[in-house]
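First listed ligand is number 1; within each ligand, the first listed atom is number 1. Numbers here simply count residues along the sequence, with the first being 1.
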Amino acid sequence: MNQHIGGLDNPIRHDWTRAEVQALFALPFADLMFQAQTAHRRFHEPNTVQLSTLLSIKTGACPEDCGYCPQSVRFETGLKKEPLMEVQAVVEAAREAKAGGATRFCMGAAWRSPKDRDIPKVEAMVREVKALGLETCMTLGMLEQHQAQRLADAGLDYYNHNLDTSPEFYGKVISTRTYQDRLDTLEHVRNAGMKTCCGGIVGMGERPEDRAELLRQLANLPAHPDSVPINNLVQVEGTPLKGTTPIDPLDFVRQIAVARIMMPRSFVRLSAGRTSMSDELQALCFMAGANSIFYGDKLLTTQNPQNAKDRALLRRLGMQVQGEGDGAVSGGLVVDESVLVPAGPTCSGGGCC
Ligand code: SAM
Ligand code: DTB
Ligand code: SF4
């Protein structure tokens, strides 16, 4: 009987096998959703969603060759490149995001990695956005340990750096940085004491085994990422992945559900790709355990649903926004500690529990 693969008694695990993860994906849809809902309700307020707004602080002309990305200099996507923004323009955008209801502001740069000469400006952005009362997140490419430390010291809360896919499929999408490079950056971020935001993309032509392996890699990190963005490929004209057969929408929901079961305390973010999803599909994603979205009419360079459309959807679903409403919600987490289990023998004490 596969009813509770993963074990509800000690849900914080870092030792998932390939067979266990594939067995979760193979569950009948209703059984998988039941397990995901059970995990979700154990650790989170089930009707609350966290809103993050994205801003591209440096756009295009990236030297990397990520096959999905409109910002690579190697692909003719018609994107207008923009240099690193001025601090005050970033602060103005953050103020607008806060007024619209976002609690986290994520700044992204089309860099392979930041240059040390860019760090003072980026530190100023962190300090000033934080002073508005927003959580801060950045995604600037690979970081050296000293760079991660400087960002942490400036007060950066989260660093986003995705594994993107399985180690096996990775080489079909990116050649200019290795999987290990990404793991190293994540280690630098954890060492510096920042929270990690790390997930991937589906719908890139990967096999079901690659989707399972992406989640196994994420859950078996020394600490579960605090946020796990699940992106559905946004196909952009001119990128090598334009024309890929899209993922079956129900398999996308399964990706969210298995992420929720394997990383039950993390925020699972329904990320890129929402403009081509129906309200009903997004509702299934929330039921599968997604509890965060990107909010605002733009992601980095591509479209995201308009604020009014998202507000209407959340209203139809009776969902609250974290930080709004009656104040009963604490960081999206249910604060009844009696339901939390002590760390089991598989936990490495990496800060996940
Ligand atoms: N340049 C930095 C880096 O890649 O490390 C940060 C910005 S990069 C745009 C951040 C993430 O956005 C990528 O790792 C990828 O997962 C996601 N992404 C980029 N283009 C996408 C697309 N077309 N569809 C879905 N996700 C995408
Ligand atoms: C993540 O996992 N998804 C966001 C964020 N991290 C930076 C980015 C999505 C980008 C989609 C393509 C674009 O708008 O350029
Ligand atoms: Fe550059 Fe990041 Fe796009 Fe890759 S995903 S091409 S590193 S901006």
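- Relative ring orientation between His14 and His224 is described as tilted, the plane-to-plane angle lying within the 30° to 60° band.
- Close approach of ligand 1 to Gly141 (heavy-atom distance below 4.0 Å) involves ligand atoms 2 (C), 3 (C), 5 (O).
- The atoms of ligand 1 that sit less than 4.0 Å from any heavy atom of Leu300 are 9 (C).
- Among all non-hydrogen protein atoms, the one lying nearest atom 26 (N) of ligand 1 is Ile201 CD1, 3.6 Å.
- With hydrogens left out, the protein atom closest to atom 14 (O) of ligand 1 is Asp164 OD1, 3.4 Å, a heavy atom.
- In this structure, Ala109 is part of the shell of residues with a heavy atom less than 4.0 angstrom from ligand 1.
- Residue contacts with ligand 1 include Arg177, since one of its heavy atoms falls under 4.0 Å from the ligand.
- For the pair Lys58 and Asp118, the salt-bridge criterion is not met [side-chain N within less than 4.0 Å of a carboxylate O].
- Ligand 1 places these atoms under 4.0 Å from at least one heavy atom of His161: 5 (O).
- Ionic pairing of Arg207 and Glu213 is not present here: no N-O contact between side-chain nitrogen and carboxylate oxygen is shorter than 4.0 angstrom.
- Within a 4.0 Å radius of atom 3 (Fe) of ligand 3, the protein contributes at least one heavy atom.
- Atom 11 (C) of ligand 1 has as its closest protein heavy atom Asn162 ND2, 3.8 Å.
- Considering only non-hydrogen protein atoms, atom 6 (C) of ligand 1 sits nearest to Thr139 OG1, 3.1 Å.
- The N/O atoms of Gln71, backbone and side chain alike, include none that comes under 3.5 Å of an N/O atom in ligand 2.
- Within the sub-2.8 Å shell of atom 4 (Fe) of ligand 3, the protein contributes these N/O/S atoms: Cys66 SG.
- Interface of Ala272 with ligand 1, defined as ligand atoms under 4.0 Å from a residue heavy atom, comprises 25 (C).
- Of all atoms in ligand 1, numbered sequentially from 1 with element shown, those under 4.0 Å from a heavy atom of Trp111 are 1 (N), 2 (C).
- Comparing Thr239, Asn162, Asp164 by heavy-atom distance to atom 2 (O) of ligand 2, the nearest is Asn162.
- Under 4.0 angstrom from ligand 1, there are no non-hydrogen atoms of Met138.
- Protein heavy atom closest to atom 21 (C) of ligand 1, with residue, atom name and distance, is Tyr68 CD1, 3.7 Å.
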